[in-house]
Amino acid sequence: MSECGGRGGGSSSSEDAEDEGGGGGGGGPAGSDCFSPSPAPATASSAGRLRRGLRGASLMARQRPELLCGAVALGCALLLALKFTCSRAKDVIIPAKPPVSFFSPRSPVLDLFQGQLDYAEYVRRDSEVVLLFFYAPWCGQSIAARAEIEQAASRLSDQVLFVAINCWWNQGKCRKQKHFFYFPVIYLYHRSFGPIEYKGPMSAVYIETFVRRVMKPLLYIPSQSELLDFLSNYEPGVLGYFEFSGSPQPPGYLTFFTSALHSLKKDYLGTVRFGVITNKHLAKLVSLVHSGSVYLHRHFNTSLVFPREALNYTAENICKWALENQETLFRWLRPHGGKSLLLNNELKKGPALFLFIPFNPLAKSHPLIDEITEVALEYNNCHGDQVVERLLQHLRRVDAPVLESLALEAPAQLPDPPLITASPCCNTVVLPQWHSFSRTHNVCELCVNQTAGGMKPSSVSMPQCSFFEMAAALDSFYLKEQTFYHVASDSIECSNFLTSYSPFSYYTACCRTISRGVAGFINSEQGVFEAPTVAFSSLEKKCEVDAPSSVPHIEENRYLFPEVDMTGTDFTGLSCRTNKTLNIYLLDSNLFWLYAERLGAPSSTQVKEFAAIVDVKEESHYILDPKQSLMKLTLESFIQNFSVLYSPLKRHLIGSDSAQFPSQHLITEVTTDTFWEVVLQKQDVLLLYYAPWCGFCPSLNHVFIQLARNLPMDTFTVARIDVSQNDLPWEFMVDRLPTVLFFPCNRKDLSVKYPEDLPITLPNLLRFILHHSDPASSPQNVANSPTKECLQSEAVLQRGHISHLEREIQKLRAEISSLQRAQVQVESQLSSARRDEHRLRQQQRALEEQHSLLRAHSEQLQALYEQKTRELQELARRLQELADASENLLTENTWLKILVATMERKLEGRDGAESLAAQREVRPKQPEPSGTPQLPGSSPPPANVSATLVSERNNENRTD
């Protein structure tokens, strides 16, 4: 047993000595004599160290399991942090979905949905005319235009190559090279010329028309009839004369062809048309003699020939020259969207005539546009030009002899028309007393003398002139007051002068002074003198409701004077005889009917034809009666009625929808449609003008509500009108808000405005109403004095009003007393509430002080807590250091004990070996003991081997 134990111990001691760098194999002379060890391999040494490390770790984990848990948790945390850091190291980008085809495979449009711009450029070189449609798949307008492009491509696919390019795909070349700010975009190329951008409506017919203009920018004119068609068109025309007999491509033809493409590039509407003449006889009609000459036709101004000696004959110069010198009869407007400023810019130029007509640009003929062109030519033909007359005959399809020349000639000298016609129209006017003339002249004889080229007298047989003519004469006479100011009172002064409004009418005025009595006699006589103004019916003679037409309203004159013939005016050259010249604009009603509805067109109609005149300066617009068809006669009559001085047209009033209010409403809401019915009835009406943006207007609501409660509803009406949403005739409009107008019963023409410097209160309103509702307080005409019966009825009515007001005042006094008592109670409650509030404030201050003390104490406790926490943490750290030191000491103590035991065993083994050696020397020849068997040829194990075995076994037992 001691031998196995010694072997184990000696082995363990030898390994420990080798690890620590100590002595060799045996440690003494006996060991060195008996055994000589060999060096251990490197692999065995590393494997032994690994085993020892694992054993030490497992031993420590068994002794302190909390360290193992902490190490596992720390490792998991490190793994999570590493994963999070790696995931944030680079952006995660979801790849875009691959694009899909925008057009169907059966579509005639070549769809490059991956943005292959290079391929589009390649196929464009092989085609004469190419349309490129740049789109974005998400764009709603691109989606809407897709069907229109397909429709146009189905009709032109055999002549034009249609290519659609997705310019939104981020990996396509189109997105990288083109930087569009809007979609869709249409480019056209004519061989190497381009791009020509199309900016018109995304409609198939308009796109097809523009493509055909690009395909054939020049119109071939072979005959005189087609030449007249070309020149009578409303669009400006440029003609080029080229002789093809000498060469297939005469000099300058390609330049002229390119100039037409330049015109389309600069003006997508194509307002300038280019034509080619090859017949020298036709060329002479437009004064073109030499091949390569270019002619710009203008209807009213002198037509021009391109000055080749002053400008270089290039495509850019020809296009610029044509655009700068063009003359248009009317313009097509194509606004973008419902809030376009295009109409606003055109309206600033003056009165505008807007014509909404259904237009098909692909149609071969447009009869309605031809009639509008004829109207425009006659309207602007101020000098009676022969070329314009010939074009008008061609538009009317009237046969005329062949012209020798269409070039403008000097107009023939017309004989001077007589200044005064043989039968002037005269009327006698009694000047009103308010006029400054009334001191010296009381009666004037006004005669209307018209020129030959001016307005002809009415064909209707009338004893006097019409209201319009005499009103204009009277207005002009007042403007010429300095002519008669210094005339003696007993003389007669006459003068022949030109009207301030009409350059073709003359008026004669002869004035004299008569006594007031004679003037009154003249006024009382019937058939001697009669004023040209409207004779108002005496509303005071009867207490009944009159028709609205009895109220003086200049826009209602066509109802007062239905016999006036307004068609007698010569329409030719009217634009030069009036200061209200119209600019004519056309809009396609199929696309822009929304604008027509805003101007007053009916929303539901079968035929979308509408005409309106808008005058921004006068803040008014007029519409053609929707019941009348839009044609030449109605259009001329519409323009004539607008051009006269006192226009019979009724200004179109835009108002809000008429709302039906319940009868129990105290204040009546008035609109444009209900104004005549509510305000101009027989009751007294107090009308308040307001607007939602008026900040002071809502503060008057309670005043008018109290007023409506105090006044009887059967004889008095309190109303209001929102002038921001409802138009009224000019004589009923106001210039400030809020404004109060009073319309007395049966005297609506004597409406009174509430004084601006007087506060709007209930007592002031009552005084104002009582003062002006009395007929005796208003100025009365001597000839139109009220009757005794009417005065008595008015007095009875006033007494009834007064008694009713007295009763209401008594009720108000009772209410005031009750309100005063309630005020005393409220004041007592307020005083107690103030005392309670004072007590609560004192309690609040005490609580705030306590709260501040508690907060300071809490802060002290928090500081003490943090200090103790830091001390405890420091103590715990020190205890942990002591525990670690004690653990290290225990470990070192254990190793020292093991080392001491090992040394003791070595010493014991050495002593035993020495004793055995001495015994062998004493008894060298004694036989071996029987108890110790010896194998043949074997020798006893050396001592160091047995010690190593013993040490190894003891180490294993200690580890276990």
Side-chain angles (χ1 to χ4, degrees), residues 351 471 534 536 539 545-560 597-601 612-625 641-642 646-661 665 667-694 696-698 700-701 704 708 716-756 760 765 768-769 772:
V534 182
F536 302 129
L539 300 179
V545 182
D546 289 337
S549 60
S550 62
V551 180
H553 180 202
I554 194 64
E555 296 175 5
E556 298 293 335
N557 288 331
R558 61 177 180 176
Y559 303 107
L560 297 174
E597 293 180 356
R598 293 178 180 176
L599 291 175
I613 295 177
V614 180
D615 191 350
V616 176
K617 185 177 180 181
E618 298 295 334
E619 297 182 1
S620 61
H621 78 277
Y622 312 91
I623 65 173
L624 183 64
D625 189 0
N641 292 333
F642 172 76
Y646 290 94
S647 174
L649 296 178
K650 183 178 180 180
R651 184 169 64 96
H652 182 68
L653 303 178
I654 300 177
S656 58
D657 297 335
S658 299
Q660 299 296 332
F661 296 96
H665 274 225
I667 299 180
T668 305
E669 191 73 24
V670 180
T671 62
T672 302
D673 298 332
T674 61
F675 179 80
W676 295 99
E677 177 184 356
V678 175
V679 177
L680 301 181
Q681 58 185 354
K682 79 172 183 177
Q683 291 186 355
D684 293 335
V685 179
L686 187 71
L687 182 63
L688 170 65
Y689 291 80
Y690 78 98
W693 49 262
C694 175
F696 185 69
C697 296
L700 303 177
N701 290 337
F704 281 85
F716 198 92
T717 301
V718 179
R720 68 173 188 172
I721 183 171
D722 182 5
V723 293
S724 64
Q725 299 292 331
N726 298 276
D727 288 342
L728 292 178
W730 293 123
E731 57 268 26
F732 297 115
M733 292 299 292
V734 295
D735 56 354
R736 65 185 300 270
L737 296 177
T739 297
V740 180
L741 290 183
F742 177 66
F743 296 86
C745 172
N746 296 329
R747 289 176 289 109
K748 301 300 182 179
D749 56 319
L750 301 178
S751 59
V752 186
K753 181 180 178 181
Y754 187 83
E756 298 179 359
I760 302 178
L765 287 175
F768 174 73
I769 293 172
H772 294 285

* ring-ring contact (aromatic ring centres under 6.0 Å, His included) partners of Y754, counting only residues at least two apart -> F768
* Structure fact -> Rounded to the nearest 0.5 Å, the OH atom of Y689 sits from the CE atom of M733 at a distance of 7.5 Å
* By side-chain hydrogen bond (donor to acceptor under 3.5 Å, both in side chains) - contacts of D722 (at least two apart) -> S724
* Asked: Quick one: CG on L737 to CG on L688, what's the gap to the nearest 0.5 Å?
  -> 8.5 Å
* Return the set of residues passing side chain to side chain contact (heavy atoms under 4.5 Å, CB included) with D735 (not counting sequence neighbours), or none when no residue passes. => K753
* Which value, rounded to the nearest 0.5 Å, describes the distance between S751 atom OG and H772 atom NE2? -> 11.0 Å
* To do: Apply ring-ring contact (aromatic ring centres under 6.0 Å, His included) to Y690 and list each qualifying residue two or more places apart in sequence or on a separate chain.
  => none
* To do: Verify, without hydrogens or angle tests, whether T672 (side chain) and D727 (backbone) share a donor-acceptor contact under 3.5 angstrom.
  => yes
* L686 side chain reached by F716 side chain, heavy atoms, under 4.5 Å -> yes
* Classify the ring geometry between F743 and F675 as parallel (under 30°), tilted (30 to 60°) or perpendicular (over 60°). => perpendicular
* Asked: So how far is it from C694 SG to L700 CG, rounded to the nearest 0.5 Å?
  -> 8.0 Å
* To do: Could you check if a side-chain atom of V679 sits within less than 4.5 angstrom of a side-chain atom of I721, using non-hydrogen atoms only?
  => no
* Asked: Nearest 0.5 Å, what's the OG1-CD1 distance between T717 and I667?
  -> 11.5 Å
* Asked: Under the side chain to side chain contact (heavy atoms under 4.5 Å, CB included) test, which residues partner E677, sequence neighbours left out?
  -> none
* Shortest non-hydrogen separation from V740 to I760 and the atoms involved -> CG2-CD1, 4.4 Å
* Results of side chain to side chain contact (heavy atoms under 4.5 Å, CB included) for P351 - residues two or more places apart only -> L582, D615, F642
* Between CG on residue N641 and CD1 on residue I613, distance to nearest 0.5 Å -> 9.0 Å
* **Polar side-chain atom of H621 near backbone of L599 as donor-acceptor pair, under 3.5 Å** => yes
* **Partners meeting side chain to side chain contact (heavy atoms under 4.5 Å, CB included) with P698 (sequence neighbours left out)** => N701
